[in-house]
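Residue numbering restarts at 1 for every chain, and letters A, B, ... go by the order of the sequence lines.
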Amino acid sequence: MAKAKDWLVAALVLLVGKRGYARRDEAPRLVSKRETDDRAERVVLALLGLSSLCALGFVVVYALDRLPAQTQLLGLALGLSLLALAGALIVAGKRLVPDEELAGEYPPAAHPAEQDAVEQLVDEGVDGISRRRLLKLGLLGAGGALGLAAITPALSFGPFLRVKELLATPWRSGRRLVDENGRPLRAADVEEKALYTAFPEGANDEEQGAPLVVVRLPKRELDLPAELAGYDADGIVAYSKICTHAGCAVSLYRAPLFRPTEPRPALVCPCHYSTFDPSTGGTVVFGPAGRPLPMLPLETDAKGYLRAKGNFDGPVGPSWWGVRNRKASS
Amino acid sequence: MRLRALILLAALALPAAAAAGPGQGLHLYGRFCASCHGPGGSGEIRSSQIGGGPARDQIVQGGLGPPLRGVGARAADFYLRTGYMPLRRTGLQPRRARLLLGPRQIDALVAYVASLGPGPGVPAPHPERGNLSDGQLLFSERCAGCHQITGEGGYVTGAVPPDLHSATAVQIAEAVRIGPYVMPSFSERALSTRQLDSVIRYVEWTRSPDDPGGWALGHVGPVPEGLVTWFLGASVLVALCMLLGKRLRG
Amino acid sequence: MVGRAQPEGELVIRGAVRFVDERTGTAPFLRKALRYLFPDHWSFLLGEVALYAFVVLVATGIYLTFFFVDSTHQVVYHGPYVPLKGQRMSEAYRSVLDLSLSVKAGLLIRQTHHWAANVFLAAIVLHLFRIFFTGAYRKPRDLTYYIGVTMLGLALLEGFMGYSLVDDLMSGMGLFIAYGVGMSIPFVGANLTAGIFGGAFPGAASLWPRLYVAHVLLLPILIGVLLTAHLVLVALKHHTQFRQRQAETERTIVGAPLWPAQTPRSLGLMVGVAGVLFLLGGLVQINPIWLWGPFHTYVSTNGAQPDWYLGWLIGALRLVPGWDFTIGGYTVVPNPFWGGVAFPLIVIGFLYFWPWIERRMTGDTGFHNVLDRPRDAPRRTAVGIAMATLVFLVLLAGSADRVTVLFGISYDAQLWLYRVLVFVGPLVAGLVTYRVCVELQRGEVVEEERRRAEGEARRAALQAQRAGRPS
């Protein structure tokens, strides 16, 4: 019974007692002495306690289901716990440990003797070899060739050498235009001052060559250049929806209600504001695009549905080195 | 100048005494609209003696407003209740503005414009019948390019599509069908009534969307996030560094 | 309470030290290392802030890898978030939706990770400024500096890949732009970009797993290795210092020892950085991808912007006037190249070459352990401020459309203003900075002379007094 009490007292002493550290071997001090700061110790303990509480709070908040603003409470709990711990460490750093400022030596700038020794070592290791330069060249050649061989399989990573894939679009002559739900687009449904997005029937919508912007302009307003003559279907024009600058979807349509006082019709890209004129074949009228929007030739079939008459007048998407001397392929 | 001041005084005094008589619409039209839209909504000005409207710096600009015959109550209701009209000066983008006219006066003007020719009436949308997810998808595909995905508004070359947070359900329905200024218009064929209800439901939802992540920073994305990074994040951490380290003495 | 002769804490320490030394032989190293000196200035802690942000990034990032699905395979959403119900999206996007909206603490960790990335780059930039404007990159620390600049580039790439992996509408638009910029590299752009993406945009199904591996394995390892080398180099040559007292010279370093003074400070900073990041992660929403919706090639939103550290690139892309440089039918330089490749190369190139340029300019090829104050090197400070002004102006230009929306200033007018400003601004800023530095230096010389003169006068007066003569 007495022994148990002893252990209890010992445990309490261990946990709660303040202690002065008795110097062990009378060795000279290596670290300057810091006077005990009682208040600071209590502040640090309080901060540690706060940190523990907040961390436990985190666990409690986590366990509670369907708590409103749970992310905020979790963040507050964890954040405050960490900040309290940081505070404890900072106070400890400023008040509990000695604030020493010592002088020392920067390491030497160089070690000339050892440098010479290393140089000598390396030299003497190979000075028995007569054809040093030639062997060096040989090693370099072998290493270079091996390196080349090592990176060659990286070509299988992707079509580095097959840029033809960049020209492919799912459009071909006779392909019907459909909306995002797959319903075919009738010419009669295409009204002025409205913007339509269309896709090739049966193809993957996410391909860069797939999406179109379709608008109807009054026939008299169309001013297509000679090479694009007949690309419209009675005033309905279709362009690639992928901006020729850097690829964002051209989803803005500036469609004036009252022409005399309002800006002209234009297709605009929201990324860098490249602006294309639908009445002149998608020419760039503002913004950083360097190439007009590719135009898709349209026709109306016997049942009144819109169909492509062929592929775009040029490759779709952002410009690259071969974009002007190649054609879009089906 | 004197004449303008007198007209201003009279116009300010009038609303209080105005009775919603049948002639009031015509009266208001002559005062506020005729100088641009022409007598009887013809869009043509024949006489240069139609005066400018009070409280707007209108110069007489003959025939620079579209004809209003056949636009119906829908257009008049939209433009007047948002304050888009009367327009301060032609050529400007119509924007929400302080209303110059009281609700009874607007009613009268709307009735007058509707009487100018057969046209669409004021729509009666039912957003509660719409589907929020359909609305999100439609808005994302057809509207977000100009108005931004959560309706915060944006920029188009030469115009500023407004944010949609003050638009009522009726106004949204009207704008979608009319296509004011350079906005495309979407007829029933392009956007059915049910689809429009869904879009309106989504727009109304964007006024207080789900923000489980905390302070939403206006739902516009990385620019305010960058400001927080520097002014809340980096600045606090620099202050922490200053607390920990010494400063360069003189 | 009286203390005991052999406190328990000491027994533990003795046991640990003995264990380590017997197995590694590092007691002599530890003895030196524990008293390694840290010169004391608050700006020397900025690099540590970046380091700790990186630690938080790795820790939160590991958590995220257990939830993210690196696949662009399209699925239909049937989760609890109503506005996206029934919509088509990639598995990647859905996994981040689920993590954000259905996993407890998932959103906290995700947002903390994203805030940590933003703050990481801000800290790197601040640290870079400190290094640059104090001349800390001079020999023998030029290698450390090159490693640091490389890490900056890697961090930019890593951040971009990280937020692009989510496949939401905004980041998807950014990825397409990156593709467009890649395509614009003369002669080889299309081949390189198509090769990396696995074909035309949106690329092959293998793109996403590869992007993921690059983001969670390759680049973190690369950054980690470079970071280790960076820290080891700093430790080997010791930290630079300002000359504040006679004691601080090129040969004698003055500072606080690692143990015990620096340890609680560094630990406190680490925990403090983590605390701030978790507070941000819980309280301030970042990248709410459920609001943007999933990415589709044919959809775009107004107001799309990259994260702040790439804002300088969107500004550059918008400022360059529209033309592709062609020779005959061959497109030599597509437009995005200037803003997306040339401009950042010039800036990063400046950072890499500056130590060499400065050595040529000043003829100073010596070793330096003592730092300059910015005013002590007017030309360096002026050039640095000029470069920073350039980048900052281009960054501002990237938000010109929001300025039009908020304040009504014409977008076209702003574009032209910035096009002029990016040439005039840095020049003016550099000249003004140079002047300010020179004047500050002159002011100090005058002050020093004044003090000396006063001191002499006082001494003379004292002498006269002692000699009993009237002053």
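Closest non-hydrogen pair, B:S185 versus A:A194, comes out as O-CB, 3.2 Å. Scanning both residues, B:Y155 and A:Y273, for their nearest heavy atoms gives O-CE2, 3.2 Å. Of all the heavy atoms in B:G145 and A:P270, the pair that sits closest is O-CB, 4.0 Å. When every heavy atom of A:L252 is checked against every heavy atom of B:C146, the shortest pair comes out as CG-SG, 3.6 Å.
Enclosure of atom CH2 in B:W230 by more than 12 non-hydrogen atoms of other residues, nucleotides or ligands within 6.0 angstrom is indicated. The 12-atom threshold is exceeded at CZ of A:R176, counting heavy atoms of other residues, nucleotides or ligands nearer than 6.0 Å. For A:K219, the NZ atom is densely surrounded, since the number of other residues' heavy atoms within 6.0 Å is greater than 12.
Listed by first and then second residue, the ring-ring contact (aromatic ring centres under 6.0 Å, His included) pairs that reach into residues 194-218 of chain A are A:F199-C:Y298, sequence neighbours excluded.
Residues from residues 180-189 of chain A that place a non-hydrogen atom less than 4.5 Å from a non-hydrogen atom of chain B comprise A:E180, A:A188, A:D189, given in numerical order.
Only the side chain of A:F286 comes within less than 4.5 Å of a heavy atom of chain B; its backbone N, CA, C and O stay farther away. Proximity to chain B (any heavy atom under 4.5 Å) is shown, for A:A266, by neither the backbone nor the side chain.
For the pair A:R254 (side chain) and B:T157 (backbone), a donor-acceptor distance under 3.5 Å is present. Within the 3.5 Å criterion, the main-chain N or O of B:P212 finds a donor-acceptor partner in the side chain of A:Q72.
Once rounded to the nearest 0.5 Å, the distance linking CE of B:M183 with CG of A:L195 reads 11.5 Å.
Of the listed residues B:G214, B:P180, B:A190, the one with more heavy-atom pairs under 4.5 angstrom with chain A than any other is B:G214. Between chain A and the options B:G154, B:A144, B:A159, B:P184, heavy-atom pairs under 4.5 Å are most frequent for B:P184. Note: B:V156 leads B:L137, B:V156, B:L92 in heavy-atom pairs under 4.5 Å with chain A. Comparing B:L244, B:L243, B:V182 by heavy-atom pairs within less than 4.5 Å of chain A, the highest count is held by B:V182. Among the candidates A:T71, A:V215, A:I90, the residue making the largest number of heavy-atom pairs closer than 4.5 Å to chain B is A:I90.
The side-chain heavy atoms of B:Y181 and A:P263, taken from C-beta on, include a pair separated by under 4.5 Å.
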